[in-house]
Amino acid sequence: MKINWKEIETKWRQKWNENKDFETNRNDRPKKFITVAYPYPNSPQHIGHGRTYTLADVHARFYRMRGFNVLFPMGFHYTGTPILGMAKRVEANDKELISNLKNLYGVPEDIIKEFVEPVKIANYFHQEIKAGMIEMGYSIDWRREFTTIDPAYSKFIEWQINTLREKNLIIQGSHPVGWCPKDQNPVSQHDTLGDVEPDFTEYILIKFKFEDHIIPTATLRPETIFGVVNLWINPEIIYKKITVDDQRWIVSKECAYKLEFLDKKITYDGEIKGSELIGKTVTVPHRNESILMLPASFVESETGTGVVMSVPAHAPFDYQALIDFKKSKMEPELFTKVNAITPISIIETEGYGENPAKEAVERFGVIDQNDPKLEEATKEVYGKEFYGGKLKLNTEQFSGIKVSYAKDTIKDWLIKNKHADILLELTNTPVRCRCGAKCVVKILNNQWFLNYGDSDWKELATKCFDSMNILPQEIRSEFNYVIGWLRERACARQHGLGTKLPWDKDWIVESLSDSVIYMAYYIISKFVNNKSIVSDNLSKEFFDYIFLDKGDSEKVSTITKISIDIINEIKKEFQYFYPVDSRHSGRDLVPNHLTFFVLNHVAIFPQSNWPREIVVNGSVLMNGSKMSKSMGNIIPLRKAISDHGADPIRLAIIISAELLQDADFNMESVSGIQNKIEMLFVECSRLKAKIPETFEAEDKWIKSKTQNMILQVTLAVEKMRLREALHDILFSFESDLSWYMKRANAKNRTNISGILYYIHSTRIAMLSPFAPHIAEEMWEKLGNLGMVSLSKWPEFSQSEVDATAIQSEEYLKSTIEDISKILKVTKIIPQKIIVYTADLFKSKVYHSILEKVMTGQTNMGIIMKELISNPDTQEVKKIPDFVQKTIKDILSEPTEIRRMKLESKKFDEKSFLMNELAEIAKKDFGVGIQVFSESDSDIYDPKEKARHARPFKPAILIE
RNA sequence: GCGGGAGUCGCCCAGCCUGGUCAAAGGCGUAGGGCUUAGGACCCUAUCUCUUAGGAGUUCGUGGGUUCAAAUCCCACCUCCCGCACCA
């Protein structure tokens with residue numbers, strides 16, 4: 001039977017909507033406030049976005065069924081730069097973008113024209129995403145919807161950022177960024193051609209004195225200043241003479257250009273050829289020694305300053321260039337000087353001798369300074385020295401420290417003594433802005449930062465994390481790590497949509513900073529949307545009173561012109577719903593949003609309102625590979641819903657992976673799920689509500705198994721192990737059910753529909769948070785009244801679990817399995833099957849062994865001695881083999897089964913097998929079964945098999 | 001480098017948290033059978049090795065260890081993937 005998903009889903013969505021089932025207000029029941037990171041509306045959502053929201057929705061629906069008053073709201077994050085960038089690209093008539101909008105996202109052409117206005121983009125995709133969320137059946141309270149550019153939201157953000165500033169958590173400073181000199185704008189990944197992230201490193205400029213000039217060299221290894229023996233100049237380069245602030249420098253043209261953006265005043269004074277510098281000397285800072293400037297072809301004008309300091313003991317390039325130069329022709333006078341240059345070794349590293357550079361050059365077989373092998377040699381020496389090297393005595397006060405540590409220390413010391421400066425340089429050059437210009441590194445002054453480096457703040461956040469539930473547990477250490485390395489973070493930028501900094505209107509609150517405590521705003525937004533309050537009235541006093549319990553209602557009412565009743569109602573609702581019980585998000589937000597979410601909460605709110613839980617999920621792959629525009633494998637969520645139905649999509653996403661793993665989405669799994677659900681649907685349509693009749697062995701068993709499923713599923717959902725839960729409901733339980741059907745059919749029973757009705761009602765109820773629409777339909781088909789989404793979650797009941805029933809079915813199964821194994825190995829076609837159960841004595845021995853094993857005694861010798869010393873069991877000395885095998889039997893079973901066996905001592909194997917084995921064996925093997933106890937007097941035992949019988953392991957004879 | 005995750009029977013992947021029901025679920029593939037004019041779809045059976053009695057042997061990246069018992073716990077090593085900032 002084919003299910004018409006669309007029809008069923010529309011039907012139930014309408015009912016939920018009419019009944020306002022998911023509109024949540026304060027009441028006297030316990031609450032759960034479940035939130036999920038709101039979407040950024042710059043594209044329609046695809047399957048990947050759907051995952052986080054679906055997980056959160058299942059969570060919300062689960063708690064709703066467990067009796068909680070669940071608030072699950074949604075907002076839209078308009079703030080940020082990508083939308084702005086998009087608008088610019090539309091304006092510039094960017095072909096690639098417009099084709100994506102048209103073909104990939106299906107945006108009508110006349111609407112694309114309006115996209116030159118950023119808000120139009122956000123509005124369009126906002127509605128698109130919202131429609132998808134509704135179609136997915138998310139149980140959202142839409143009365144609380146908002147966007148982050150709503151005037152009331154801006155008031156809220158102003159309050160947030162002012163509060164942080166009052167607490168001295170916002171500071172001002174300078175900060176390097178990737179920069180487009182043409183646009184006069186910072187650039188990040190989505191502003192560059194090819195979407196490259198501008199990546200830069202910090203070089204240390206060491207200032208060498210040359211006459212009345214400074215010749216700076218750029219290095220990553222400031223400690224090597226103690227090992228410098230000469231400088232390398234490229235004779236082909238024409239260097240610039242410039243004035244940097246008050247000093248006169250000589251650097252390459254490219255370097256001078258870079259310096260212009262690094263907060264320095266540059267004027268150009270003249271030029272000097274590289275060749276003119278050769279053979280002249282400079283003074284090494286601090287050491288005050290004169291060293292020569294020598295020519296080298298590996299020196300590039302684009303890198304650093306175009307001058308390199310030579311440390312031949314530790315830098316393979318320098319060592320090789322020195323060798324090369326010594327071989328070249330030169331004036332005798334210079335040769336004497338050059339020949340006198342010897343490497344100065346300043347670092348000792350295990351595995352290297354006096355001159356690591358020389359050793360590496362020789363080992364790699366380097367030919368000359370243009371040999372690419374030098375790169376490898378450099379990497380090796382640098383790596384080993386950095387992590388394993390120590391500075392030698394000739395480095396004065398730094399001797400003995402590890403290189404990895406010395407780097408920063410020496411840098412600070414050099415800068416303090418004015419021997420050095422900083423040069424920031426892009427490492428992945430060239431980075432081009434979308435406008436085509438080459439990007440540089442710029443130091444921005446007067447940037448506003450949230451001081452996440454503050455140790456008191458970190459401590460509070462750590463305290464909060466320690467008290468929080470983090471799901472899955474594995475991700476917790478990652479949060480601790482992030483808190484550890486977090487430093488100041490820019491919280492304002494100069495472009496994009498958003499709220500202006502209240503005290504500095506040139507800046508806009510950065511979008512990762514205006515989205516950290518907005519869960520509190522869901523309380524406010526309900527009252528904004530129903531027009532109880534207007535943005536103009538939302539003053540500092542209002543938010544202080546609602547969120548922080550500061551001030552009194554009368555004063556606040558006077559200031560805000562909002563009635564005391566409304567103010568108090570808002571406050572009560574906030575106090576009822578806060579704190580956030582669970583926050584859902586993808587794992588990409590762990591090092592930023594989720595951590596900031598906690599940091600900002602602990603900074604602003606009292607401990608009682610700190611968040612309680614974070615749930616993190618992995619991303620979604622499409623047929624095993626990452627979804628990307630260029631691959632064209634992005635499936636818009638709404639298209640997937642209309643093609644396959646919302647419930648199959650929800651189930652396929654959930655079943656494909658556990659929380660943190662990447663979920664591999666593919667159409668086969670969707671259609672597999674559809675088939676499964678269709679079968680279940682047919683089953684539910686057939687069953688009628690009925691009170692179960694008397695219970696036979698298999699009925700008691702399947703009831704116990706159902707209880708077991710309830711327990712397992714409930715525990716799994718509580719830990720958000722939704723894949724496991726769903727798998728239990730849909731698949732694992734199926735094998736139990738088919739065993740049950742096999743048993744019932746063998747007996748030709750016709751009175752099982754009551755049991756099946758009970759089982760399926762339980763399953764459908766548990767399925768409902770996962771596949772809410774079809775579950776409602778099935779629930780109705782089963783003849784249940786009301787909505788399954790509002791019904792009670794099935795509860796585990798220990799009293800419904802029948803240990804004997806479970807154990808006896810296991811016994812039956814293993815006996816049948818033994819028979820088939822024998823048949824398989826011997827390839828006999830059976831005429832007759834005879835089963836012998838163990839006698840009373842063995843059963844007695846079995847139980848005393850079981851008791852001993854349960855107390856931890858597993859030693860055969862000791863058990864044997866104890867059995868013999870007891871008059872009741874001393875006869876075992878005749879059958880030591882039995883004892884040995886029984887211990888093994890027991891040990892190979894799970895503790896749970898052992899316990900059950902211990903509990904139900906009086907289990908009559910013979911009569912059970914006679915009653916239950918006959919029909920089923922007839923069906924499976926086509927012959928009758930005879931059952932004897934080995935102690936029966938009328939026993940038929942021609943091959944003397946009976947004596948091998950053990951409790952729960954009957955002997956078998958097949959003829 | 002730092003931090004995190006992973007390595008399972010031809011392939012994909014579950015089991016590991018909480019050791020025993022584990023020669024290890026499920027899917028794909030392969031082989032045989034059913035259905036069909038044929039193909040597809042679907043259903044059944046088999047799928048580490050040996051075995052004419054329910055058994056035995058060797059397996060879960062590699063090497064050790066703990067335990068009566070290890071895919072599961074501990075230690076070391078090897079390989080692969082992801083994140084490392086002003087960007088949502």
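These numbers come from a predicted model, not from an experiment. Throughout, a chain's letter reflects where its sequence line sits, starting with A, and its residues are numbered from 1.
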Point to revise | Mate of B:U47 where both pairing distances stay under 3.5 Å, Watson-Crick or G-U | key: B:G29
Check your understanding: Taking the same atom, C1', in B:U62 and in B:C80, what whole-Å distance lies between them?
Key -> 15 Å
Check your understanding: Ignoring hydrogens and geometry, is there a side-chain-to-backbone donor-acceptor pair from A:R51 to A:G618 under 3.5 Å?
Key -> yes
Practice item. Return the orientation label for the A:F596 and A:Y452 ring planes: parallel under 30°, perpendicular over 60°, tilted otherwise. Key: parallel
**Study point:** Counter-base of B:C77, judged by Watson-Crick or G-U geometry with both distances under 3.5 Å
**Key:** B:G61
Practice item. Figure out the NZ/P separation between A:K676 and B:G27, and round it to whole Å. Key: 10 Å
**Study point:** Separation between the P atoms of B:G64 and B:C13, rounded to whole Å
**Key:** 29 Å
Review point. So what does A:N592 hit on the nucleic acid, given a heavy-atom distance under 4.0 Å: a base, only sugar-phosphate, or nothing?
Key: base
Check your understanding: At under 4.0 Å between heavy atoms, what does A:R723 touch on the DNA or RNA strands: base, sugar-phosphate, or nothing?
Key -> sugar-phosphate
**Study point:** Atom-to-atom span, CD1 of A:I443 to P of B:C86 - whole angstrom
**Key:** 14 Å
Practice item. Might you point out which heavy atoms bring A:V598 and A:A461 nearest each other, and give the distance in Å? Key: CG1-O, 4.0 Å
Check your understanding: Looking across every strand, which nucleic acid part, if any, lies under 4.0 Å from A:E658 by heavy atom: base, sugar-phosphate, or nothing?
Key -> nothing
Review point. What nucleotide among B:A88, B:U18, B:C87 has an atom nearest to a side-chain atom of A:K719?
Key: B:U18
Practice item. For nucleotides B:A31 and B:G54, find the distance between their P atoms and express it as a whole number of Å. Key: 32 Å
Practice item. Send over the distance from A:E734 CD to B:G27 C1', rounded to a whole Å. Key: 16 Å
**Study point:** Rounded distance in Å between the C1' positions of B:U36 and B:G29
**Key:** 23 Å
Review point. Using a cut-off of 4.0 Å on non-hydrogen atoms, how would the nucleic acid contact of A:I958 be classed: base, sugar-phosphate, or nothing?
Key: base
Review point. When all nucleic acid strands are considered with a 4.0 Å heavy-atom cut-off, which category describes A:R950: base, sugar-phosphate, or nothing?
Key: nothing
Check your understanding: With distance as the sole criterion, do the side chain of A:Y481 and the base of B:C84 form a donor-acceptor contact below 3.5 Å?
Key -> no
Review point. What interatomic distance, in whole Å, is found between C1' of B:G27 and the corresponding atom of B:G83?
Key: 31 Å
Review point. Separation of A:L891 atom CG from B:A69 atom P, in whole Å?
Key: 10 Å
Review point. With a non-hydrogen cut-off below 4.0 angstrom, is A:K888 in contact with a base, only sugar-phosphate, or nothing?
Key: sugar-phosphate
Check your understanding: Between B:A53, B:A85, B:A88, which one does the side chain of A:E510 approach most closely?
Key -> B:A88
Review point. Rounding to the closest angstrom, what is the interatomic distance between B:C22 and B:A76 at atom C1'?
Key: 27 Å
Point to revise | Contact nearer the 5' end of RNA chain B, comparing A:E893 with A:T815 | key: A:E893
**Study point:** Touch class at under 4.0 angstrom, heavy-atom based, for A:L512 against every strand present
**Key:** base
Point to revise | Integer angstrom distance from the P of B:U59 to that of B:C2 | key: 34 Å
Review point. What is the ring orientation for A:H49 with A:H46, classed by angle as parallel under 30°, tilted 30 to 60°, or perpendicular over 60°?
Key: tilted
Exercise for review: Using a heavy-atom cut-off of under 4.0 Å over every strand shown, decide if A:R493 touches base, sugar-phosphate, or nothing.
Suggested key: sugar-phosphate
Review point. How do A:E488 and A:I890 order along RNA chain B: which one's closest nucleotide is nearer the 5' end?
Key: A:I890
Practice item. Kindly say if A:R721 contacts the phosphate of B:U18, meaning a side-chain N or O under 4.0 Å from OP1 or OP2. Key: no
Practice item. Compare the minimum distances between each of B:G54, B:G83, B:A88 and the side chain of A:P82, then state the nucleotide with the smallest one. Key: B:A88
Review point. Who does B:C9 pair with, Watson-Crick or G-U, both distances under 3.5 Å?
Key: none
Exercise for review: Please confirm whether the backbone N or O of A:I83 pairs with a side-chain atom of A:Y40, one donor and one acceptor, at under 3.5 Å?
Suggested key: yes
Point to revise | Options B:G4, B:C86, B:A53, nucleotide nearest the side-chain atoms of A:E478 | key: B:G4
Point to revise | Watson-Crick/G-U partner (both atom distances under 3.5 Å) of B:C2 | key: B:G83
Check your understanding: Would you say A:K821 reaches B:G55's phosphate, i.e. side-chain N/O to OP1/OP2 under 4.0 Å?
Key -> yes
Check your understanding: So what's B:G40 paired with, Watson-Crick or G-U wobble, going by both distances under 3.5 Å?
Key -> none
Practice item. Name the pairing partner of B:G20, where a pair is Watson-Crick or G-U wobble with both distances under 3.5 Å, or state none. Key: B:C68
**Study point:** Any A:T81 side-chain N or O less than 4.0 Å from OP1/OP2 of B:A88
**Key:** yes
Check your understanding: How close do A:P942 and A:Y836 get, heavy atom to heavy atom, and via which atoms?
Key -> CD-OH, 4.3 Å
Point to revise | Steps toward salt bridge (charged side-chain N to carboxylate O under 4.0 Å, His left out) verdict (A:D889, A:R950) | key: CA-CA 9 Å; A:D889 283 349; A:R950 302 200 298 278; 2.8 Å; yes
Exercise for review: Could you go through the salt bridge (charged side-chain N to carboxylate O under 4.0 Å, His left out) check for A:D941 and A:R947 one step at a time?
Suggested key: CA-CA 10 Å; A:D941 186 14; A:R947 63 192 172 87; over 6 Å; no
**Study point:** Protein-nucleotide distance (A:L599, atom CG; B:A85, atom P), rounded to Å
**Key:** 18 Å
Review point. Rounded to whole angstrom units, what separation is found between the CZ atom of A:R476 and the P atom of B:C17?
Key: 19 Å
Review point. Reckon A:I819 touches a base, only the sugar-phosphate, or nothing at all at heavy-atom distances under 4.0 Å?
Key: nothing
Revision key, fill the gap. Taken to the nearest whole Å, CZ/A:R487 to P/B:C87 is 19 Å
Check your understanding: Quick check: are there more than 12 heavy atoms from other residues, nucleotides or ligands sitting under 6.0 Å from NZ of A:K888?
Key -> no
Review point. Checking all strands, does A:P954 fall into the base, sugar-phosphate, or nothing category for heavy-atom contacts under 4.0 angstrom?
Key: base
Check your understanding: Rounding to the closest angstrom, what is the interatomic distance between B:A25 and B:G20 at atom P?
Key -> 15 Å
**Study point:** Residue-phosphate contact under 4.0 Å: A:Q661 side-chain N/O, B:C13 OP1/OP2
**Key:** no
Point to revise | Whole-Å gap separating P (B:A88) and CG (A:L594) | key: 16 Å
Check your understanding: Just to confirm, is there a sub-4.0 Å distance from OP1 or OP2 of B:A88 to any side-chain nitrogen or oxygen of A:S511?
Key -> yes
